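Quick notes on the structure that follows.
Just so you know, ligand 1 is whichever comes first in the structure, and atom 1 is the first atom listed for that ligand. None of these values were measured; they are calculated from a predicted model.
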Amino acid sequence: MVVKRMQEFGETIFATMTQLALDNHAVNLGQGFPDSDGPKRMLEIAQEQIATGHNQYAPGMGVMALREAISADNNVPVDNVLVTVGASEAIAASVLGLVEPGQEVIVIEPYYDSYAAAIALAGAQRVAVPLKAVGNTWDIDVPAIRAAVTDRTAMIIINSPHNPTGAIFSEQGMRDLASLCVERDLLVLSDEVYEHLTFGDAQHREIRLLPGMAERTIKVSSAAKTFNVTGWKTGWAIATPALLDGVVKAKQFITFVGATPFQAAVAYALREEGAWVESMVAELSECRSILVAGLESAGYRVHDTKGTYYVVADVGEDAGEFCKRLPAEKGVAAIPLTAFTDHPDPWKQKVRFAFSKRPEIIREAVRRLNS
Ligand code: PMP
Ligand code: GLN
């Protein structure tokens, strides 16, 4: 049994594909999570926190040391920072606390699956606008977004670096989107969980820093991707107090607060482990090169990845069928991009592979794909 507004949702594609990977002893390049640990001292601090009695409810807005570290990292006042249970809760609470039932929320297609669920739970309407192909990657299509805005539009959810395509939205695209949001008085939920995972000269851009955007942007991020702790579910939302109020109101009744001992550990990592993040990203970049070369030699057309830990290949056939067969046939799991779309046609042959594994694991996946 499930309420009407959740009926369109089945099991998440990540759970399905991870199960298929386990059943077939496949290398799991489907669900995106790393297979090595975060900075050692950060892990020790979490353990010390548990051993020294930091095991009761954190303050509603989060442990002060973490709020301070996030505030310093983002150059905002501490009052603009709310600690959440992963970016996932920040996303759900932002939509639930700031969008009225019946209002519309624009998502950029292909979009991360939890946006659709948050919008449905809020009783709001999802309007999907596709990315546009530019060169060998994609960019935000602001004229198409403009055409999709109505009097009922409350919010646009963006995500750059972009899961699942690995695209980073252009400076011009961001500026045009910011102008549109100011002109039409729209909120932006900016999901920046991959903000530190950028390659080469690619640069992360933050829409909240553009003129008129600070008071209408909720930036969401998380320790998951930056410090290899997807299981810690420690994230945050950053917005002006006026905007954060709605997010806090919803968040306080979803989880009340996140797990206490991880917060001091993430606070330490944000302050002290910049060099660790740099070397982790350098290794990711190596894994990206190994996987791209391997996919190309297996005969697939591979798109550019400027950020995140995903690469998209065009497999020249139906991506859903391909991904169902791949674990048994080749011993590798991946995700079809159609799982992230309302209008699957342009994405029908596109498959996402995660390269967030150790280089030897990526090499093994490549060997299997080429066997
Ligand atoms: N947004 C995007 C784009 C993601 O890929 C993910 C998952 N890693 C999340 C949000 C959720 O992040 P968290 O695990 O911190 O809830
Ligand atoms: N964010 C990761 C991905 O996109 C995992 C998400 C999940 O398992 N819910 O693969």
Protein N/O near ligand 1 N/O, under 3.5 Å, which pairs?
residue  : atom   : partner : partner atom : Å
ligand 1 : 1 (N)  : Asp191  : OD1          : 3.4
ligand 1 : 1 (N)  : Asp191  : OD2          : 2.5
ligand 1 : 5 (O)  : Asn163  : ND2          : 2.8
ligand 1 : 5 (O)  : Tyr194  : OH           : 2.6
ligand 1 : 8 (N)  : Lys225  : NZ           : 1.7
ligand 1 : 14 (O) : Lys233  : NZ           : 3.1
ligand 1 : 15 (O) : Ala87   : N            : 2.9
ligand 1 : 15 (O) : Ser222  : OG           : 2.7
ligand 1 : 16 (O) : Ala87   : N            : 3.1
ligand 1 : 16 (O) : Ser88   : N            : 2.9
ligand 1 : 16 (O) : Ser88   : OG           : 2.6
ligand 1 : 16 (O) : Lys233  : NZ           : 2.7

- Does the ring pair (Phe, Tyr, Trp, His ring centres under 6.0 Å) test come out yes or no for Tyr300 and Phe322, once each step is laid out? CA-CA 12 Å; Tyr300 306 122; Phe322 176 90; 5.7 Å; yes
- Query: Going through the checks in order, is the ring pair (Phe, Tyr, Trp, His ring centres under 6.0 Å) test met by Tyr57 and Phe256?
  - Reply: CA-CA 9 Å; Tyr57 294 128; Phe256 183 46; 5.5 Å; yes
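Remark: Lys306 fails to qualify as a cation-pi partner of Phe169 under the 6.0 Å distance and 45° angle criteria applied to the six-membered ring.
Listed by first and then second residue, the ring pair (Phe, Tyr, Trp, His ring centres under 6.0 Å) pairs that reach into residues 126-157 are Trp138-His303, Trp138-Trp347, sequence neighbours excluded. Legend: side chain to side chain donor-acceptor pair (under 3.5 Å) pairs involving residues 21-32, not counting sequence neighbours, sorted by first then second residue: Thr18-Asn28, Thr18-Gln31, Gln19-Asp23.
Using a 4.0 Å cut-off between charged side-chain N and carboxylate O, Glu104 and Arg126 make no salt bridge. A salt bridge is defined here as a Lys NZ or Arg NE, NH1 or NH2 lying under 4.0 Å from an Asp or Glu carboxylate O, and Glu273 with Lys40 fails to meet this definition. Using a 4.0 Å cut-off between charged nitrogen and carboxylate oxygen, Glu286 and Arg363 count as a salt-bridge pair.
Residue-level contacts of ligand 2 at the 4.0 Å heavy-atom threshold are Phe14, Gln31, Gly32, Tyr112, Asn163, Tyr194, Lys225, Tyr310, Arg352.
Val266 and Val193 fall within the same hydrophobic cluster, defined by Ile, Leu, Val, Met, Phe, Trp and Tyr side-chain heavy atoms under 4.5 Å apart, directly or through other members.
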